Amino acid sequence: MAKNNKTAINPRRDEDYPIWYQEVIKAADMAENSDVRGCMVIKPWGYAIWENMQRELDDMFKETGHKNAYFPLFIPLSYLQKEADHVDGFATECAVVTHHKLTKNEEGTLVPDGELDEPLIVRPTSETIIGASFAKWVNSYRDLPVLINQWANVVRWERRTRLFLRTAEFLWQEGHTAHATKQEAVDETLKMLNVYRDFAEKILAVPVIIGEKSESERFPGAVSTYSIEAMMQDKKALQAGTSHFLGQKFAKAAGIKFQSKETKEEYAWTTSWGVSTRLIGALIMVHSDDNGLVLPPRIASSHVVFLPIYKTDEERETVLAYIDDVKTGIKAHGRYHERHLVIETDDRDLRGGEKNWEWIKKGVPLKVEVGMRDIEKNSLAVLRRDNPELKKEFINKDEFIASIHETLDDIQNNLFERAKAFREDNTKIIDDTKDFDAFFTPENKEKPEIHGGFAMSHWCGSAKCEEDLKELKITIRNIPLHGKPEEGKCINCGEDSSMRVVFAKSY
RNA sequence: CGGGCUGUAGCGCAGGGGUUUAGCGUACGUGUCUGGGGGACAUGGGGUCGGCGGUUCAAAUCCGCCCAGCCCGACCA
């Protein structure tokens, strides 16, 4: 059998990152483009990740007092219009429903018919329609706070789409809350931002920077927007989740009013926050390597795959029985972080090497080969996907069973630490304009190599400086919440600045 | 929405007005041998050449329009 030195994914990350990304998705069988422009089909291996995200997040939302509900897919056009900034932000990317039936024309082809009096838009986000409900639900300070989350699909008619990162239709959750006081709403906004950070770091093993968005990057209609920002392996930033303090703007637009203790009529203070299937894109781009997907165990579609190796039917029985035995042992060991371990046995009649590579490309954390030789030695041939050398280890069966949770945790931590080290290696404190320009300028302009990273530099706070820096194709990702106040000079204009912000190229 | 590149079998590609049935690699089916890192041999099946229209005796091939994908911009959660 020829030893093969080439990588499973072509091109490699350093050769062509965008194509590498698509190939990883294809090789892992996670999703594909559909016949509908900009929309994807999420296949079982990819969807399982989303289901796991949903379960983990849903628990966290419930623990912080939120309840799930569901609101309509369609939003009357007039609702969107109620909040001026909101309209400006979304009007250019709305799918609009104008008819309610189809009829056959003379040629026998189906054409839209029955024009609606008022067009409906397919929700790009639900502030306005949920606001309308809140307005009905809230009359007294006793009705507050209202803490609602919805799991839904939304549509944004994006010009340029990429699987998971930006699709015309995507899945997400959107939390919407209403509060009696400003402080309470601000606290909620930050609380959920922290929930997102915990989720990203603990479950996805993706380190993030939490911070506030600059005015130009703010959610349309928000008073302030906060984000979690992650660094991908091409050193670009990805906004992985947002939390918005909406002030009283949407409350005023929708009429969410209540009578206070002091019997005064007041507008509520609202928030909204969301994460989407874009997180799957983040997961791929943070952990995967030149051999395909690498999944952190806490979010993995499956945790362990057994590959039985045998020659005869008799051996097959023996091997499968041995595997069953190991499985039973693992199950008896209890749940992994309150989740049943998902264990597969791949007994398809495929050649060994091919089957091996398939699971490597799918990123399953532990791949275990079992053959007669292992059985004789009461051992297992285990491959940890986080091992870049792809070297398998022979481990005693009972030890494997006893330590499987620790092994999975070790993989989880390893992936997190690796991602964090990568981000730290590529985050620079830069005060000199020339250094700053050089940092963000590729050597090869025609086909830019992977370069840059996060620059922690001073910013005076003006929108003009932010605009000027777009020449370098960078934006302010966010203003870190826990940054130490520090006097300095704006990297663009040299004016006084009291804060360092995160500059980066982004998705 | 602008610029560039690309659409031929599941995937990757060749062919670039006429060569009787459109090829190659790989994947897929069957058989034998194999089997602990991407097998071997044999034998099969699979195609509206992205779509529509035009030029022509003849179009995968030339022309026009459209659609889709990717990259770069603009725009944007």
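Letters A, B, ... mirror the listed sequences (proteins, then strands); counts begin at 1. Here the structure is a predicted model, which means the values were calculated and not measured. Below, each value reflects all heavy atoms present in this structure, side chains not excepted, and no hydrogens, waters or symmetry copies.
Residue A:Asp88 is out of contact with every strand shown, counting any heavy-atom pair closer than 4.0 Å. A:Pro124 comes within 4.0 angstrom of nothing in the nucleic acid, heavy atoms only. Residue A:Leu380 is classed as having no contact, given no heavy-atom separation below 4.0 Å to the nucleic acid. Among the atoms of the strands shown, only primed sugar atoms or phosphate atoms (P, OP1, OP2) are found under 4.0 Å from some heavy atom of A:Arg37.
Comparing B:G39, B:G37, B:C72 against the side chain of A:Leu390 picks out B:G37 as the nearest. The side chain of A:Asp349 sits closest to B:G35 out of B:G69, B:G35, B:G37.
Side-chain polar atoms of A:Glu466 and A:Ser214 form a donor-acceptor pair below 3.5 angstrom. At a cut-off of 3.5 Å, with distance as the only test, no side-chain donor of A:Asn52 or A:Tyr47 sits close to an acceptor on the other residue. For the 3.5 Å distance criterion, the side chains of A:Asn478 and A:Glu229 fail to qualify, holding no donor opposite an acceptor. One side chain, A:Lys367 or A:Asn356, offers a donor N or O that lies under 3.5 Å from an acceptor on the other.
A:Lys191 meets the side chain to side chain contact (heavy atoms under 4.5 Å, CB included) test with A:Thr64, A:Glu188; sequence neighbours excluded. Applying the ring-ring contact (aromatic ring centres under 6.0 Å, His included) test to A:His451 and every residue at least two apart in sequence or in another chain returns nothing. In terms of the salt bridge (Lys or Arg N to Asp or Glu O under 4.0 Å) criterion, A:Arg160 has no residue partners (sequence neighbours excluded).
The stretch residues 16-32 of chain A touches RNA chain B through A:Pro18, A:Gln22, A:Lys26, each having a heavy atom under 4.0 angstrom from the strand. Of the residues in residues 229-242 of chain A, A:Gln239, A:Ala240, A:Gly241, A:Thr242 come within less than 4.0 Å of RNA chain B through at least one heavy atom, sorted by number.
With pairs defined as Watson-Crick or G-U wobble and both atom distances under 3.5 Å, the stems of at least three pairs that touch RNA chain B come out as B:1-7 with B:67-73, B:10-13 with B:23-26, B:28-33 with B:39-44, B:50-54 with B:62-66.
Distance noted for atom P between B:C24 and B:A14: 16 Å (whole Å). Nucleotides B:U56 and B:C1 place their C1' atoms 37 Å apart, quoted to the nearest Å.
If you take CD of A:Glu354 and C1' of B:G10, they are 14 Å apart, rounded to a whole angstrom.
In terms of polar N and O atoms assigned as donor or acceptor, the side chain of A:Arg166 comes within less than 3.5 Å of the base of B:C76 in a complementary pairing.
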